[in-house]
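Contents: one structure, followed by commentary.
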Amino acid sequence: MTAKRMYFIHALSPLHAGTGQGIGLVDLPIAREKATKLPIVPGSTVKGVLRAESSLADDQKTAVFGPETGNASDYAGAIVFGDARLLCLPVRSLYGTFAWVTSPMVLERYRRDAMGTPAQFEFDFADADVFTKSPANGGVVAAGSVYLEDLKLKVAVNPPNGTSPGNETADLWATHFSSLLWPIQATPNSAAATWRALFKARFVIVSDDDFAFLYETATEICARIRIAEDTKTVANGQLWYEEALPAESLLWGVAMGEKSRKSDVNLTDAQVLDHAVGAAGADRTTQFGGKATVGRGVARFIAGA
């Protein structure tokens, strides 16, 4: 038997989960899917971080995450982490500072993984470029348009007899994600409520083509150098460029737990998920990817349902 749980990553600082080296102008690009070029944090990265910070006893830790490399053939770990895929990219906006941007393709892939998200899914891009419930004042909409980087995108207009199905669907998705990303437990959390409202005011859905343009061009590129101690100038060959997902990026992934294969540790699939991912709604801060010593990769890790 296999149990499944969604997880989310909310970048609090630029996040660099890299590929080692690049072949283009960027020396250290971020990891991306081959076909879609969608930015990802590899599942191996997620598993390694959670294993390293786990407070489980050694026998339970190896039962959940697997034995050390030297004993890898003894048995397999009981937890599987899929890659974390980009869900919403924070994009500079002329109004409202920035928007959390996604697209129908991303939402359909998320819905396939999650099973049980909003059923309504209607986006007719014939007459609009953006679907959002963002208010005219306090959101990212101005005069019927949203301005993302160099793009001016027309917002769906509500028809006289009601609201646009696309905007209604955008509102359903914004409500769905805001409740998972900023969970409010038994005691109401004013900070969570504030962030839910901020997210809903900035959540927009653009076409797949526009989103592909944004996630290939609107990531963060940072120039890095090393100074030679004797001359206090750039050391020879020590200027390079790094790519990162900007702060406020949101990603989702799927974790699957199976019954422990370690003979002297009896853990069910659900217990494995609780130990590795956390109970539904668990929210903790950790660090993913490289460049930790310069503040990269600080992120919230949230266990979904």
Side-chain angles (χ1 to χ4, degrees), residues 1-11 15 17 31 33 38 40-88 106-119 173 176-186 192 250-289 297 299-305:
M1 182 177 178
T2 301
K4 185 174 79 169
R5 184 163 300 160
M6 306 290 293
Y7 69 88
F8 299 90
I9 294 173
H10 174 199
L15 194 161
E33 291 180 337
L38 194 73
I40 62 171
V41 174
S44 57
T45 297
V46 178
K47 181 180 179 181
V49 167
L50 297 185
R51 178 184 185 125
E53 68 174 20
S54 173
S55 59
L56 293 172
D58 288 344
D59 59 342
Q60 288 196 327
K61 182 185 292 189
T62 56
V64 172
F65 293 98
E68 298 297 336
T69 304
N71 301 315
S73 61
D74 292 351
Y75 54 87
I79 189 70
V80 176
F81 283 96
D83 295 340
R85 303 186 186 100
L86 181 65
L87 175 63
C88 291
V106 171
L107 295 177
E108 285 286 23
R109 295 181 74 185
Y110 170 86
R111 184 163 63 170
R112 180 180 62 191
D113 287 345
M115 299 174 60
T117 55
W173 281 108
H176 171 78
F177 289 129
S178 65
S179 64
L180 291 174
L181 289 159
W182 291 277
I184 298 177
Q185 307 300 345
L250 303 172
L251 304 96
W252 96 92
V254 179
M256 292 177 288
E258 298 180 341
K259 186 179 182 297
S260 169
R261 298 180 178 89
K262 195 173 189 296
S263 59
D264 58 344
V265 176
N266 184 23
L267 292 173
T268 66
D269 52 359
Q271 288 173 324
V272 166
L273 278 178
D274 286 343
H275 285 318
V277 182
D283 184 347
R284 60 187 185 270
T285 301
T286 185
Q287 191 276 333
F288 291 100
R300 296 170 57 231
F301 182 84
I302 308 107

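Note that this is a predicted model, so its numbers are computed, not measured.
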* For the student: nearest non-hydrogen atoms of Ala276 and Arg284, plus distance -> O-NH2, 3.6 Å
* Asked: For the residue pair Trp173 and Thr117, what are the closest heavy atoms and their distance?
  -> CH2-OG1, 3.5 Å
Sequence neighbours excluded and cut-off under 3.5 Å, please list the side-chain donor-acceptor pairs for residues 77-84, or say none.
residue : atom : partner : partner atom : Å
Asp83   : OD1  : Gly43   : N            : 2.7

* **Partners meeting side chain to side chain donor-acceptor pair (under 3.5 Å) with Lys61 (sequence neighbours left out)** => none
* Residues in side chain to side chain donor-acceptor pair (under 3.5 Å) with His275, at least two apart? -> none
* To do: Calculate, to the nearest 0.5 Å, the distance between atoms OG1 and NZ belonging to Thr45 and Lys47 respectively.
  => 12.0 Å
* Structure fact -> Rounded to the nearest 0.5 Å, the CG atom of Asp74 sits from the CZ atom of Arg261 at a distance of 13.5 Å
* How far apart are the closest heavy atoms of Pro42 and Ala17, and which atoms are they? -> CD-CB, 4.1 Å
* To do: Output the distance between atom CZ (Arg111) and atom CZ (Arg109), rounded to the nearest 0.5 Å.
  => 14.5 Å
* Which heavy atom in Ala11 sits nearest to a heavy atom in Ala299, and how many Å separate them? -> CA-CB, 4.0 Å
* **Side-chain touch Asp283/Trp182, heavy atoms, less than 4.5 angstrom** => no
* Structure fact -> Partner of Ile9 under side chain to side chain contact (heavy atoms under 4.5 Å, CB included), picked from Leu250, Leu87, Leu181, Val46, is Val46
* To do: Tell me, with the steps shown, if Ile302 and Met6 meet side chain to side chain contact (heavy atoms under 4.5 Å, CB included).
  => CA-CA 9 Å; Ile302 308 107; Met6 306 290 293; over 6 Å; no
* To do: Return the orientation label for the Tyr110 and Phe177 ring planes: parallel under 30°, perpendicular over 60°, tilted otherwise.
  => perpendicular
* Asked: If you count the non-hydrogen atoms of other residues, nucleotides and ligands that lie under 6.0 Å from CG in Asp264, is the total more than 12?
  -> yes
* Structure fact -> Those residues at least two apart in sequence (or on a different chain) that pass side chain to side chain contact (heavy atoms under 4.5 Å, CB included) with Thr285 are Leu12, Val298, Arg300
* Please tell me if the side chains of Leu38 and Leu86 come closer than 4.5 Å, counting only heavy atoms from C-beta onward. => yes
* Do Leu50 and Phe301 touch side chain to side chain, with heavy atoms closer than 4.5 Å? -> yes
* **Ion pair Asp274/Arg5, N-O distance below 4.0 Å** => yes
* For residues Val277 and Ala255, report the shortest heavy-atom separation together with the two atoms involved. => CG2-CB, 3.6 Å
* Asked: Do Val64 and Leu267 come close enough that some side-chain heavy atom pair is under 4.5 Å?
  -> yes
* Mind checking what makes side chain to side chain donor-acceptor pair (under 3.5 Å) contact with Asp113, not counting sequence neighbours? -> Arg85, Trp252
* Structure fact -> Between Ser260 and Ala63, the two heavy atoms sitting closest are OG-CB, 3.5 Å
* Asked: Between the main-chain N or O of Leu273 and the side-chain N or O of Gln271, is there a donor-acceptor pair closer than 3.5 Å?
  -> no
* Tell me, please, which residues at least two apart from Thr62 pass side chain to side chain donor-acceptor pair (under 3.5 Å). => Tyr75
